[in-house]
Amino acid sequence: MKKIKTAIFISGRGSNMNSLIETCKNKMFPASIDLILTNNDKADGLLLTNTNNIKSYFFDKNKFEILAQKILLEKNIELICLAGFMQILSKNFIQNWEKRIINIHPSYLPHFKGLKAQKQAINAKAGYSGCTVHHVNAEIDGGEIILQKKIHLNENEDIESLTKKILKEEHILYPKALEITVNKILNNII
Ligand code: GRF
């Protein structure tokens, strides 16, 4: 079975990375996780790559894109998943990977783009927020939406409780969005 070779970029905890790795262990899933790249050598997520025997590399922020591009091509990577990757990619890098970079964001886009999306939702006293997987384009959190899940806020919701609720749903949403995306690639739709 043809599997789409996928890389994940992380900067921190790596819980979404972990859910993608676990999903891809299924022989019938149409993607494989072949590479983890980080711009943070202290990222907790790196510990998980060792236990899963997946190659990981740390590249300093300044050199990240050049070195990443080299290894992505060497390993024949076809798709990049951003999972808590705290660096804005350049227009040039994004153009090279048009429709081949996806990201997960902790809000129901287009609401609450950018940093601290959960805090933004609490401060706005929003009735709902959620999580979204989208294609990455030059506009931050503005690319085409692949899949999203709405999450209602309780009256006494705080940042911590909302973050927890959203993260739980992210771990379900991201694998589903990955499957949709790789199936489109396999069917030459994107
Ligand atoms: C998630 O909330 C994701 O939506 C955001 O950063 C967080 C990463 O968490 N982009 P983790 O590193 O996957 O645990």
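Atoms within each ligand, like the ligands themselves, are counted from 1 in listed order. The figures here come from the full heavy-atom set of this structure, side chains too, leaving out hydrogens, waters and symmetry mates.
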### Message
Could you tell me if N92 and S90 have a donor-acceptor pair between their side chains, going purely by distance under 3.5 Å?
### Response
no
### Message
Any donor-acceptor pair under 3.5 Å linking the side-chain atoms of N16 with those of S19?
### Response
no
### N or O contact, Q118 vs ligand 1, cut-off under 3.5 Å
no
### Note: K70-E74 ion pair, threshold 4.0 Å (strictly below)
yes
### Query
Strictly under 4.0 Å, does any heavy atom of I104 approach an atom of ligand 1?
yes
### Query
Tell me, which protein residue and heavy-atom name are nearest atom 8 (C) of ligand 1, and how many Å apart are they?
G84 CA, 3.6 Å
### Contact atoms of ligand 1, heavy-atom distance to N16 under 4.0 Å
1 (C), 9 (O), 11 (P), 13 (O), 14 (O)
### Query
Numbering the atoms of ligand 1 from 1, which are under 4.0 Å from a heavy atom of R13?
9 (O), 11 (P), 12 (O), 14 (O)
### Task
Over 60° means perpendicular and under 30° means parallel, so classify the ring planes of H111 and Y128, tilted if in between.
perpendicular
### Summary
protein heavy-atom neighbour closest to atom 12 (O) of ligand 1 works out as G14 N, 2.8 Å
### Task
Among all protein heavy atoms, pick the one closest to atom 1 (C) of ligand 1 and tell me residue, atom and distance.
E170 OE1, 3.1 Å
### Query
Among side-chain atoms of S11 and N39, is any donor-acceptor pair under 3.5 angstrom?
yes
### Query
With the 4.5 Å side-chain cut-off for hydrophobic clustering, are M86 and F9 part of the same group?
no
